[in-house]
Chemist: 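This is the structure, below, for whatever I ask next.
Since this is a predicted model, take the numbers as computed values, not measurements. Residues: numbered from 1 along the sequence shown. We count ligands from 1, going down the list as the structure has it; atoms in each ligand are counted the same way.
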Amino acid sequence: MLGSPQSLGPARSATQETSDTHMATTTPSPSTSTGPVTFERLGDVFVVTIDNPPVNALGVDVRRGLVAAIDAAEADSAAKAVLIVGAGRNFIAGADIREFGKTPQPPSLPEVCLKIENCTKPVVAAIHGAALGGGLEVALSAHYRIASPTAKLGLPEVALGLLPGSGGTQRAPRLIGVKPAIELMLSGRHAGAREALSLGLVDRLGTDADADADADARAEGLAYANELVAAKAPVRRTREAGALADKEASRAALEAARADTAKKSRGLFSPMKIVEAVEGALTLPFDEGMALERKLFLQCIDSPQRAGLIHAFFAEREVLKAPETKSASPRALESAGIVGGGTMGAGIAVAMLDAGMPVTMIERDDTQLARGRANVEKVYDGLIAKGRMTPEAKAAVMARFSGSTSYDALAQVDIVVEAVFEEMGVKKAVFAELDRVCKRGAVIATNTSYLDIDEIAASISRPQDVVGLHFFSPANIMKLLEIVVPAKVSADVVATGFELAKKLKKVPVRAGVCDGFIGNRILAVYRQAADHMMEDGASPYDIDAAVRNFGYPMGPFQVSDLAGGDIGWATRKRKAATRDPKARYVQVADRICERGWFGQKTQRGYYLYPEGARTGVPDPEVLAIIDAERERAGIKPRAFTEEEIMRRYMAAMINEGANVVLQRIALRPLDVDVTFLYGYGFPRHRGGPMKYADTVGLPKVLADIQEFAKEDPIFWKPSPLLVQLVERGADFASLNQSE
Ligand code: 3HC
Ligand code: NAI
């Protein structure tokens, strides 16, 4: 802990060096601790250290500590400047997100920032690691800023449904101008230290950063503060900075941002509030601008979008905490093999190559192998065509790729992912070969979408090494990786799956073995609900529009056209024999597929894609097919409102989500949420289907299902988990604690 006097080695010596000329004041004062904020005077400089692991978030104790520290600095007549530093890997990651939605505890962060800015002695912020959101706002309230070269600065509140609420919307434009300030706020991106320097967000770059970056930041901050003292540098308040002087340019930048936000913010609440708050910086005195910012910030805090986005933030970190990642360490993951070079095999190969791994691909014969390699190269050629990769970089990546038609080439790899045809016989034959050639301890994974992984594992001599790694298409782009855990797998193999996800920058979700695992199993159910509505009177275009208006990038029929209708058709034919004959079966998709209309690749599916267009147009012939099917089924079509479409669509998704949790296919509701956010385009600001269910209220969801069950009791069976939770007055969130 850097705040403790014992660990101040490098900082002390730096002070000693820089304050030799001020012998009278070099004696450090005793370190004082106010919870996570400690302070001591080193020579002329009053050093305030925030030590609130893991990321120095600005919780109530930190806020109180900062106020106490500034008071103490004011009271210490020997202190000529104040230095604020963070202990550990970051300066300050921002407000404590866990406090949002709870009763606010004084002092508020804007008050703390004002206190810092009003300090009568020059205040220096020495930034290393993250200075994000409220963290950057604290730094902006200081009078001088130094950042280590690897520091990251940003105002990412928009990603949480918020706006910078501690003066960021008022101080940042005054310091660096409207255009760059509002761009940082609307994008939420993290700027590197060099960019921050060129923008004027910081005054100076430190010289070094290593594992001990907090010590470096502290030492360099001290040196800077002593320099400022020696130069008798004045207090310099950001609220008095002059970057808004050119009123015309500021107004033009604001209006451009407003127009852009209106076009792009797609139903999000906080981006326009950011524009409004920054407008306040242009038009109002600082105090009134701060009051406007506060009002708008509280509106954002109250919005369900904020709750959804913050749920998503924590859920995507919580999914990493599976029982196996806690109990076991991953195996080696230096090299990989892929069996099958089709859509998925090639995509997975690219993901692994991009992560720096050497990849060996196995195909059936030389022709297929050449096609597999071409599938991989196509991805990189696309990047070259867009100017995002050089041919030399492609050559360097492809040097790590090799192909073979002999399984012996996989003898030394650490992990193999099988991505051959979705047929049990073919998979078992491949696994027999892998059992024969792979070294002991190699992880043997399958990318199957639906097949029983326990059966695949049982077919070889080492079921403990077999795991499901279910990638999503396109596998080099889609972030979700379902880690499917069969009965006999070793914990360290599961942990290796999570490690691979980290290496590939994917979001892993632990899933149990069942037909479709978490995502595709739930998809199959709400997709049927969509088909039912289509046959009952809603057009696929109405349903897609409702789903898009809910926040998805595409509706289910557009997705089907994109993926290719033939895939679902083959699955339906395979399952026809085992389908409950009493269950409702909508045949529209079969009629469309029988005509060879498989979607985009055949230029028509539910939509028409004239001349290979990516966006489809409604097809009157499809509407005629649907009419004929309604007639055949004896259904008199009725109208559906958008609201009813979404009620049914979501009720089907939530109900099956509850079954998946009940059967422990998903560990917790949040695992379902993350699956849908990262694999199925579920709108992030709604937090995921289970979070959405909590927002709507489980009694209401259950009542909907019970109402729909009156028409179709086979399809609409309330999940026992949903019923139990409603009886107990509980919600899905109550099941989200990690185990
Ligand atoms: N508040 C509370 N907890 C936080 C937090 C925050 N602001 N930021 C991170 N954490 C927690 C994480 O949940 C995680 O907890 P866990 O270990 O129990 O799962 C732990 O800190 C470590 O976080 P990461 O796993 O994300 O660590 P990394 O090293 O990968 O990343 C980071 C560090 C870049 C700082 C990243 O955590 C991050 O981006 N944090 C959020 C930054 C942010 O959005 N700040 C703005 C907050 S809103 C605000 O400031 C409002 C103000 O304007 C009033
Ligand atoms: P694909 O048909 O595009 O590719 C399969 C490849 O496997 C072909 O190149 C074929 O030559 C090769 N192959 C077949 N038998 C082989 C053998 N014995 N040895 C070596 N190579 C062999 O299929 P796709 O779409 O890539 O699917 C592969 C697997 O991934 C399937 O299990 C599928 O269910 C699963 N999957 C598919 C997704 C998708 O969106 N296409 C998404 C997630 C999983």
Chemist: I need the atoms of ligand 1 closer than 4.0 Å to a non-hydrogen atom of Asp96, numbered in the order shown.
Modeler: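 Those of ligand 1 that fall under 4.0 Å from Asp96 are 1 (N), 2 (C).
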Chemist: Considering only heavy atoms of Glu137, which atoms of ligand 1 have at least one such atom less than 4.0 Å away?
Modeler: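 Near Glu137, meaning under 4.0 Å from one of its heavy atoms, ligand 1 has 52 (C), 53 (O), 54 (C).
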Chemist: Going by distance only, is there an N or O of Gly165 that falls short of 3.5 Å from an N or O of ligand 1?
Modeler: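 Between Gly165 and ligand 1 (N or O atoms, distance only) the closest approach is under 3.5 Å.
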Chemist: Does ligand 1 have an atom under 4.0 Å from some heavy atom of Asn90?
Modeler: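 Flag not set, Asn90 not near ligand 1.
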Chemist: Among Asn520, Asn447, Val420, which one has a heavy atom closest to atom 28 (C) of ligand 2?
Modeler: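 Of the listed residues, Val420 has the closest heavy atom.
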Chemist: Among all protein heavy atoms, pick out the one at the shortest distance from atom 43 (C) of ligand 2; state its residue, atom name and that distance to 0.1 Å.
Modeler: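 Protein heavy atom at minimum distance: Phe471 O, 3.2 Å.
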Chemist: By number and element, which atoms of ligand 1 are closer than 4.0 Å to a non-hydrogen atom of Gly134?
Modeler: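 Matching atoms, with element in brackets: 49 (C), 50 (O), 52 (C), 53 (O).
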Chemist: Which residue owns the protein heavy atom closest to atom 44 (C) of ligand 2, what's the atom, and how far is it?
Modeler: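 Answer for atom 44 (C) of ligand 2: Ser449 OG, 3.1 Å.
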Chemist: For ligand 2 and Arg371, I'd like to know whether there is a polar contact (N/O to N/O, distance under 3.5 Å).
Modeler: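 Between Arg371 and ligand 2, an N or O pair is found under 3.5 Å apart.
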Chemist: Ignoring angles and geometry beyond distance, decide whether Val339 reaches within less than 3.5 Å of ligand 2 through its nitrogen or oxygen atoms.
Modeler: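 Looking only at distances, the answer is no, because the N/O contact criterion of under 3.5 Å is not met.
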Chemist: Check each of Met361, Glu363, Lys427, Glu418 against atom 12 (C) of ligand 2 and report the one with the nearest heavy atom.
Modeler: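 Selected option, by shortest heavy-atom distance: Glu363.
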Chemist: I need the atoms of ligand 1 closer than 4.0 Å to a non-hydrogen atom of Pro156, numbered in the order shown.
Modeler: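 Listed by number with element, the hits are 43 (C), 44 (O), 45 (N).
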Chemist: Considering both backbone and side-chain atoms of His470, is one of its nitrogen or oxygen atoms within less than 3.5 Å of a nitrogen or oxygen in ligand 2?
Modeler: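 Such a contact does not occur with ligand 2.
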Chemist: Nearest heavy atom to atom 5 (C) of ligand 2: which of Ala419, Pro474, Gly340, Ala475 does it belong to?
Modeler: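 It is Ala419 that holds the nearest heavy atom.
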Chemist: For Phe557, is the NZ or CZ atom of Arg527 found under 6.0 angstrom from the centre of its six-membered ring and inside 45 degrees of the ring axis?
Modeler: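 Satisfied, under 6.0 Å and within 45°.
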Chemist: Against heavy atoms of Gly94, which atoms of ligand 1 measure under 4.0 Å?
Modeler: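 Those qualifying, in numeric order: 50 (O).
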Chemist: Using a strict 4.0 Å cut-off to heavy atoms of Phe314, name the atoms of ligand 1 that fall inside it.
Modeler: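 Near Phe314, meaning under 4.0 Å from one of its heavy atoms, ligand 1 has 13 (O).
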Chemist: Would you mind checking which non-hydrogen protein atom is closest to atom 19 (N) of ligand 2, with the distance to 0.1 Å?
Modeler: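 Here the closest protein heavy atom is Tyr407 OH, 3.5 Å.
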Chemist: Which residue holds the protein heavy atom closest to atom 16 (P) of ligand 1, what is that atom called, and what is the gap in Å?
Modeler: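 Minimum-distance protein heavy atom for atom 16 (P) of ligand 1 reads Lys321 NZ, 3.6 Å.
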Chemist: When you measure from atom 14 (C) of ligand 1 to every protein heavy atom, which one gives the shortest distance, and what is it?
Modeler: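 That would be Arg317 CD, 4.2 Å.
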Chemist: Heavy atom to atom 1 (N) of ligand 1, shortest distance: which of Leu58, Val138, Leu309, Ile97 holds it?
Modeler: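 Selected option, by shortest heavy-atom distance: Ile97.
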Chemist: In terms of atom number and element, which parts of ligand 2 are under 4.0 angstrom from non-hydrogen atoms of Gln368?
Modeler: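 With Gln368 as reference, the close atoms of ligand 2 come out as 11 (O).
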Chemist: Starting from atom 4 (O) of ligand 2, find the nearest protein heavy-atom neighbour and note its residue, name and distance.
Modeler: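 Protein heavy atom at minimum distance: Gly342 CA, 3.3 Å.
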Chemist: Need the ligand 1 atom indices (1-based, order shown) with element for anything under 4.0 Å from a heavy-atom of Pro164.
Modeler: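 Answer, ordered by atom number: 53 (O).
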Chemist: In this structure, does ligand 1 have an atom that sits under 4.0 Å from one of the heavy atoms of Glu318?
Modeler: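 Distance cut 4.0 Å: Glu318 fails for ligand 1.
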Chemist: Starting from atom 26 (O) of ligand 2, which protein heavy atom do you reach first, and at what distance in Å?
Modeler: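 The protein heavy atom lying closest is Met344 N, 2.8 Å.
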Chemist: Does ligand 1 have any atom that is closer than 4.0 Å to a heavy atom of Gly168?
Modeler: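 Per 4.0 Å heavy-atom rule, Gly168 does not contact ligand 1.
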Chemist: For ligand 1 and Glu157, I'd like to know whether there is a polar contact (N/O to N/O, distance under 3.5 Å).
Modeler: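 Yes.
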Chemist: Which option, Ala95, Ala93, Gly133, owns the non-hydrogen atom nearest atom 43 (C) of ligand 1?
Modeler: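 Looking at heavy atoms only, the winner is Ala93.
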Chemist: Please identify which atoms of ligand 1 are closer than 4.0 Å to at least one heavy atom of Pro54.
Modeler: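 In order of numbering, the contacting atoms are 20 (C), 21 (O).
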